[in-house]
Amino acid sequence: MSQSAIDQTIDETLECSRLPLEAVAQMMSDLFATMLGMHFDATPREQYHPTSTSIQATIQIEGDWKSQFRAIVSSELAHHIAGAMFGLSDNEVSKSDVFDAMGEIINVIGGNAKGYIDGDCQLSLPCVAGYVEPTQPPALVATFECAGQPIMIQLFETSN
Amino acid sequence: MKILIVDDSKAMRMIVKRTLKQAGFDSIDCVEACNGVEAIAQIAAENPDVVFSDWNMPEMNGIELLKKLRADGNSIKLGFITSESNPETRQEAMDAGATFVITKPFTPESFQRVLEPVLA
C-alpha cells in the first residue's frame with residue numbers, strides 16, 4: 001500500500017474488532033483525567049497530523065495478539081504530560097523526563113489493552129522517539145483531546 | 001513503615017509516592033529501585049516493610065523479583081502496581097506469593113482500599 005493510501009486511512013477514526021474504541025477512550029480518560037488530573041475529552045475528534053517535531057511512544061504486544069500501539073503528541077503536550085507526572089511546570093521538565101513520561105503513558109495503554117485480549121500475550125518495554133510515518137495501515141486510529149491538544153492513538157496488528 | 005518502590009519509570013515512582021500521600025499514608029518512608037536487581041540490593045540495605053513493584057522492567061522484571069525473593073526464603077510483603085490488567089497476570093502474581101495487585105491507572109481511593117489492610 002502506498003504512503004498516501006496509508007495516510008488517507010489514518011485521516012479517519014478507525015475501530016478495531018478486538019478492542020472497542022470506547023475501551024480505549026475510557027482507559028485514556030482514567031489515565032489522564034483520573035490519575036494525572038489533566039483535562040481529557042474522550043470524544044474522538046478530527047485526526048491529528050503529526051509533524052517532524054511530534055513525539056511518538058510505542059509499545060509492542062507479542063504472543064497470541066501481535067500488535068503495536070503508538071501514542072503521538074506534539075512536543076508541547078509531551079512536556080505538559082511530563083510536567084503533570086513530575087509535578088513540575090512544563091519548562092522545568094527535561095528531555096529524559098518527557099521520554100520517561102511518554103513511555104509510561106504507552107505502557108499503561110498497552111497493558112490495559114492487553115487485558116481485553118484472550119490468550120497468552122507479553123508486553124514489551126516502551127520506546128519513545130520522534131514521529132515516524134507508519135508503513136502499514138492501522139487497525140485502529142483515533143485522536144482525542146488532552147489539555148486542549150490532540151493525542152493520537154494508533155494500533156497496528158501484525159497477525160492474528 | 002518503610003516502602004521500597006520498584007519501577008523503571010522515575011515518573012511512576014514519583015506518582016506512587018504522591019498517591020500514597022494523597023491516600024493518607026503520609027508518614028511512610030519511601031526508598032526506590034529501578035528494577036528487580038536493584039530491588040534485591042535495596043531490600044538487603046534498607047530492610048523495607050513492603051515492596052511495591054512494577055511488572056515490566058529491564059534487567060529483572062517484577063515477577064522474576066518476587067520468585068527470586070521467595071526462592072531465597074524471603075517472605076517480605078510484595079505487591080504489584082502494574083498496567084498488566086488481565087486475570088492471568090493477577091493469578092500468576094498471587095500464585096507466586098504477591099500480597100496485592102493494583103492496576104494502573106490508579107487513584108488515591110484504590111490505594112486506600114487495597115493498602116489499608118496491608119499497611120495497618
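Each chain gets a letter, A, B and so on, in the order its sequence line appears, and its residues count up from 1.
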Legend entry - NZ/NE/NH1/NH2 to OD/OE distance under 4.0 Å, B/E84 and B/K104: no

Legend entry - Any donor-acceptor N or O pair under 3.5 Å, side chains A/E157, A/S67: no

Inset, instruction - Tell me, for A/I109 versus chain B, whether the close heavy atoms (under 4.5 Å) come from the side chain, the backbone, both or neither. - result: neither

Legend entry - Pick from A/L31, A/N112, A/I117 with the largest number of heavy-atom pairs that fall under 4.5 Å of chain B: A/N112

Legend entry - Test item: side-chain donor near acceptor, B/D7 and B/S9, under 3.5 Å: no

Legend entry - Salt bridge flag under 4.0 Å for residues B/R13 and A/E104: no

Legend entry - Side chain, backbone, both or neither of B/T107 within contact of chain A (heavy atoms, under 4.5 Å): side chain

Legend entry - Proximal component of A/D120, with respect to chain B [non-hydrogen, under 4.5 Å]: neither

Legend entry - B/D72 bridged to B/K68 by N-O distance under 4.0 Å: yes

Legend entry - chain B contact via A/A33 - side chain, backbone, both or neither, heavy atoms under 4.5 Å: neither

Inset, instruction - For A/S89 and A/E92, test the side chains for any donor-to-acceptor distance below 3.5 angstrom and give the result as yes or no. - result: yes

Legend entry - Under 4.5 Å from a heavy atom of chain A, the part of B/S110 involved: neither

Legend entry - Region of B/P108 that comes under 4.5 Å of a non-hydrogen atom in chain A: neither

Inset, instruction - Would you kindly say whether A/Y48 and A/S54 are connected by a side-chain donor-acceptor distance under 3.5 Å? - result: yes

Inset, instruction - Heavy-atom distances under 4.5 Å only: say whether B/N61 touches chain A with side chain, backbone, both or neither. - result: neither

Legend entry - Heavy-atom proximity to chain B below 4.5 Å, by part of A/L125: side chain

